[in-house]
Amino acid sequence: MRNESDVLSLFERHCRSVKSTGSNQYVALCPLHDDAHHSFSFNTDTTQYCCFACGESGNAVKLAKHFGEDPKPFYSDDRLKSAGNGIKSQKPVKTGGKQV
């Protein structure tokens, strides 16, 4: 189960000069390129991030994977519940009016 302090901690481990802009929103120097301005923005509620300089975007899961961390703590509760036993459900494919 993820919480906002875990998400903030992830971003603080990898971003320099993190500053709050209010309401779960933060800016920092982008950890994905050599950054001299606070071009990296992230939200601890949605876990989404975006760098307005290099264009990289994603969520806490993607950032954790990028830096070799376990991404599981950053999955949404809904995602964890639907993962179940790891088997993805597949929708039937229709071809020529028949299901395959």
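- Hydrophobic clustering keeps Phe52 apart from Leu63 (ILVMFWY residues linked when any side-chain heavy atoms are closer than 4.5 Å, directly or through intermediates).
- Rounding to the nearest 0.5 Å places NE2 of His14 at 8.5 Å from OG of Ser9.
- Distance CD/Glu12 to CG/Leu8: 3.5 Å, rounded to 0.5 Å.
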Side-chain polar contacts of residues 23-34 - donor-acceptor pairs under 3.5 angstrom, sequence neighbours left out - could you list them?
{"unit_1": "Gln25", "atom_1": "OE1", "unit_2": "Asn43", "atom_2": "ND2", "d": "3.0"}
{"unit_1": "Gln25", "atom_1": "NE2", "unit_2": "Ser41", "atom_2": "OG", "d": "2.7"}
{"unit_1": "Gln25", "atom_1": "NE2", "unit_2": "Phe42", "atom_2": "O", "d": "3.3"}

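- Side chain of Lys62 to backbone of Gln48: no donor-acceptor contact under 3.5 angstrom is found.
- Rounding to the nearest 0.5 angstrom, the gap separating the CZ atom in Phe11 from the CG atom in Asp6 is 12.0 Å.
- Looking at heavy atoms from C-beta onward, Phe74 lies out of side-chain contact with Thr47 at the 4.5 angstrom threshold.
- Taking every heavy atom of both residues into account, Glu4 and Asp45 meet most closely at OE2-OD1, 3.6 Å.
- Within the model, atoms OG of Ser39 and CD of Glu56 stand 11.5 Å from one another, a figure rounded to the nearest 0.5 Å.
- Side-chain contact check for Glu69 versus Arg13: some heavy-atom pair is nearer than 4.5 Å.
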